[in-house]
Amino acid sequence: MTDEAVIELRQLQKTVEALVNSITPYIGQDEMKSRYDVCGKTLLAMERKKQIPERVNGRWFRTEVLEWERLARFGR
């Protein structure tokens, strides 16, 4: 496999991962950490301070997070 093919394959994998993440109704801790560029400890602190929605069974509802972000961006 050529270097170009490997690069293209990696880009496709990232695209598929992003699409799957946008389709699933839940957001896991790894996605939340990368979404806000924080570590797990900071994510927990944000949750306790009500800076992000509370998780349910270890995951966040995507619709709640998106609505939270929209309200934070454009006011309540």
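For the salt bridge (charged side-chain N to carboxylate O under 4.0 Å, His left out) test, residues two or more places apart in sequence or in another chain that qualify with Glu69 are Arg35. Applying the salt bridge (charged side-chain N to carboxylate O under 4.0 Å, His left out) test to Asp30 and every residue at least two apart in sequence or in another chain returns Lys33.
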Verify side chain to side chain contact (heavy atoms under 4.5 Å, CB included) between Arg62 and Glu31, making sure each step is shown before the conclusion.
CA-CA 11 Å; Arg62 186 172 301 280; Glu31 185 180 343; 3.0 Å; yes
In sequence, state the C-alpha distance, the side-chain angles, and the governing distance for Met32 and Val38, and then conclude on side chain to side chain contact (heavy atoms under 4.5 Å, CB included).
CA-CA 8 Å; Met32 287 292 280; Val38 298; over 6 Å; no
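Minimum heavy-atom separation, Glu47 to Pro53: CG-O, 4.0 Å. Listed here is the closest heavy atom pair of Met46 and Tyr36: CE-CG, 4.3 Å.
Distance alone, capped at 3.5 Å, is enough to place a donor-acceptor pair between the Trp68 side chain and the Gln51 backbone.
Taken together through direct or relayed side-chain contacts under 4.5 Å among Ile, Leu, Val, Met, Phe, Trp and Tyr, Phe61 and Val65 form parts of separate hydrophobic clusters.
No side-chain heavy atom of Trp60 sits less than 4.5 Å from a side-chain heavy atom of Tyr26. When side chains are defined from C-beta on, Gln29 does not count as touching Arg59, because their heavy atoms never get closer than 4.5 Å.
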Sequence neighbours excluded and cut-off under 3.5 Å, please list the side-chain donor-acceptor pairs for residues 4-13, or say none.
none

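Between Thr24 atom OG1 and Leu19 atom CG the span is 12.5 Å, to the nearest 0.5 Å. Rounding to the nearest 0.5 Å gives a distance of 11.5 Å between CG of Leu43 and CG of Asp37.
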